[in-house]
Amino acid sequence: MTDELGLETYLSISSKKIGIYLLDKKKLKNLYFEEQDIKNNSVFSDLNILNEFLDNNIFKIEKLIGKFIKNINLIIESEDILTLNIGLKKKNYEKIITKKFLENSLTELKDLINENYQDYRIMHMHMIKYLFDGSHYSNFKMDMKCKNLGIETQFISVPNHLILEIDKILENFQIKTKCYLNQNYIQSLFKEDKMELSEMVYKAQLGYNVNEVSITPKNINKNVANY
């Protein structure tokens, strides 16, 4: 598997462009990359375009590394991606605000999104601001004395039907999706830096945005919370 070799494979898909990247995580350099601009159609309306692109590139990468690609990081940009800002205010009956209290509050918000947008999968969840008794903070203050906690979060979600269709194409190559990421969000984190998309994604997955809440247990963000 590529991660055993210190490598990560990324697949980016937008309506008019597809890209695949094999990143050396130590050197932060692409060992392989190929991009294709789509002129006459949308990738999402004709996924045969994606299938053909993968057919032209997967074997080349596997030949290069001498192993099969088992997992891939999927980066999507689509007009159908849903971005929601949602807030929550809670009264604290303890003397201080603990990390556990914050985690429970964030779980409430995540469950609320999952319940009301069942046709979507959460890609990113990150904190916008905290209010401790009405005072604004950009970062969480551990064990702070506070009677009322307010939090504002942003959720970025992708339609289930879209990722299911893409996953079916990947299954043709015996590849499973490792995680789903939003290209616009990732690029917004590094808008002042010049680097390849694969490097941006890798650094983002390591916790570049300390206010992002990890959705999966594999990427524990100690600064906020983990699910």
Side-chain angles (χ1 to χ4, degrees), residues 1-81 121 123-124 156-206 208-209 216 218-219:
M1 295 173 63
T2 53
D3 54 354
E4 295 173 354
L5 301 175
L7 307 174
E8 282 285 355
T9 310
Y10 300 94
L11 174 65
S12 67
I13 306 173
S14 64
S15 61
K16 294 298 182 181
K17 190 171 185 176
I18 311 175
I20 192 164
Y21 316 88
L22 178 68
L23 179 73
D24 183 325
K25 295 189 290 186
K26 292 182 179 180
K27 297 181 180 179
L28 294 179
K29 180 181 179 181
N30 286 325
L31 300 183
Y32 182 97
F33 74 94
E34 186 66 36
E35 296 177 337
Q36 178 181 337
D37 292 320
I38 311 301
K39 297 181 180 180
N40 299 323
N41 209 341
S42 167
V43 176
F44 299 119
S45 63
D46 184 5
L47 286 172
N48 287 324
I49 298 172
L50 173 61
N51 191 80
E52 183 178 346
F53 176 83
L54 293 172
D55 195 40
N56 290 333
N57 290 279
I58 292 298
F59 177 72
K60 292 179 183 178
I61 296 176
E62 292 178 338
K63 185 178 180 180
L64 175 65
I65 63 177
K67 288 182 178 290
F68 293 114
I69 299 173
K70 298 294 185 181
N71 302 293
I72 205 164
N73 300 275
L74 183 58
I75 309 157
I76 303 176
E77 184 48 50
S78 167
E79 293 179 353
D80 294 329
I81 286 176
R121 179 193 292 259
M123 304 170 81
H124 302 280
I156 303 174
S157 303
V158 60
N160 286 327
H161 74 84
L162 185 58
I163 58 176
L164 287 174
E165 290 172 357
I166 295 173
D167 283 347
K168 285 181 181 179
I169 298 293
L170 289 169
E171 286 175 6
N172 294 335
F173 302 88
Q174 290 78 51
I175 297 174
K176 292 185 178 180
T177 303
K178 191 174 181 179
C179 62
Y180 305 94
L181 306 120
N182 176 238
Q183 184 169 323
N184 270 355
Y185 168 71
I186 296 294
Q187 291 177 327
S188 72
L189 299 177
F190 301 93
K191 57 186 176 181
E192 303 299 329
D193 302 308
K194 291 184 179 180
M195 63 179 70
E196 296 290 340
L197 178 61
S198 55
E199 184 181 348
M200 292 182 191
V201 176
Y202 178 63
K203 289 184 176 180
Q205 290 175 311
L206 290 178
Y208 182 84
N209 180 6
T216 61
K218 291 182 180 179
N219 302 317

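Residues: numbered from 1 along the sequence shown.
More than 12 heavy atoms of other shown residues, nucleotides or ligands fall within 6.0 angstrom of atom NZ in Lys16. Heavy-atom contacts from other residues, nucleotides or ligands closer than 6.0 Å to CD of Glu196 number 12 or fewer. Around atom CG of Asp193, more than 12 heavy atoms belonging to other residues, nucleotides or ligands sit under 6.0 Å away.
Phe53 is listed as a side-chain neighbour of Glu34, based on a closest heavy-atom distance under 4.5 Å. Between Lys178 and Thr9 there is no side-chain heavy-atom pair separated by less than 4.5 Å. Proximity of Phe33 to Ser198: side-chain heavy atoms (C-beta onward) are nowhere separated by under 4.5 Å. Contact of the Phe173 side chain with the Asn51 side chain is registered, since non-hydrogen atoms from C-beta on lie closer than 4.5 Å. Within the 4.5 Å cutoff, the side chain of Ile81 has no heavy atoms near those of the Asn184 side chain. Between Ile175 and Lys70, every side-chain heavy-atom pair lies at or beyond the 4.5 Å cut-off. Side chains of Ile76 and Ile163 form a contact here, defined as non-hydrogen atoms less than 4.5 Å apart. Within the 4.5 Å cutoff, no side-chain heavy atoms of Met195 are placed close to those of Leu28.
Side-chain contact of Gln36 with Asn56: a donor-acceptor pair under 3.5 Å is absent, judged by distance alone. A donor-acceptor contact under 3.5 angstrom links the side chains of Tyr21 and Glu35, judged on distance only. For the 3.5 Å distance criterion, the side chains of Tyr10 and Asn30 fail to qualify, holding no donor opposite an acceptor. Tyr202 and Asn73 share no side-chain donor-acceptor pair at under 3.5 Å.
Atom CD1 of Ile69 and atom CD1 of Ile20 lie 5.5 Å apart (nearest 0.5 Å). Distance CG/Leu11 to CD1/Ile58: 7.5 Å, rounded to 0.5 Å. Atom OG in Ser14 sits 8.5 Å away from atom CD1 in Ile38 (nearest 0.5 Å). In this structure, CE in Met123 is found 7.0 Å from CG in Leu74, a value given to the nearest 0.5 Å. We find the CD1-OG1 distance between Ile166 and Thr177 to be 8.0 Å, quoted to the nearest 0.5 Å. Here the CD-CG distance, from Glu62 to Leu22, works out to 11.0 Å after rounding to the nearest 0.5 Å.
Residues Ser78 and Phe44 approach most closely at CB-CE1, 3.8 Å, considering heavy atoms. Shortest non-hydrogen contact noted between Leu31 and Leu64 is O-CD2, 3.9 Å. The minimum heavy-atom distance linking Ile49 with Ser42 is given by the pair CD1-O, 4.2 Å.
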- [ ] Would you check, one step at a time, whether the test side chain to side chain contact (heavy atoms under 4.5 Å, CB included) holds for Tyr180 with Asp167?
- [x] CA-CA 11 Å; Tyr180 305 94; Asp167 283 347; 2.5 Å; yes

- [ ] Using the side chain to side chain contact (heavy atoms under 4.5 Å, CB included) rule, take Tyr32 and Asn57 through it: C-alpha gap first, then chi angles, then the decisive distance, then the call.
- [x] CA-CA 10 Å; Tyr32 182 97; Asn57 290 279; 2.6 Å; yes

Task: From CA spacing to verdict: side chain to side chain contact (heavy atoms under 4.5 Å, CB included), Asn182, Glu77 - done: CA-CA 6 Å; Asn182 176 238; Glu77 184 48 50; 3.1 Å; yes

Open item on the list: side chain to side chain contact (heavy atoms under 4.5 Å, CB included) for Leu189 and Met200? Distances and angles first, verdict last.
Closed with: CA-CA 8 Å; Leu189 299 177; Met200 292 182 191; over 6 Å; no

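Not one N or O on the side chain of His124 forms a donor-acceptor pair closer than 3.5 Å with the backbone of Tyr185.
Listed by chain and residue number, Phe190 satisfy the ring pair (Phe, Tyr, Trp, His ring centres under 6.0 Å) test with Tyr208 (two or more places apart in sequence, or in another chain).
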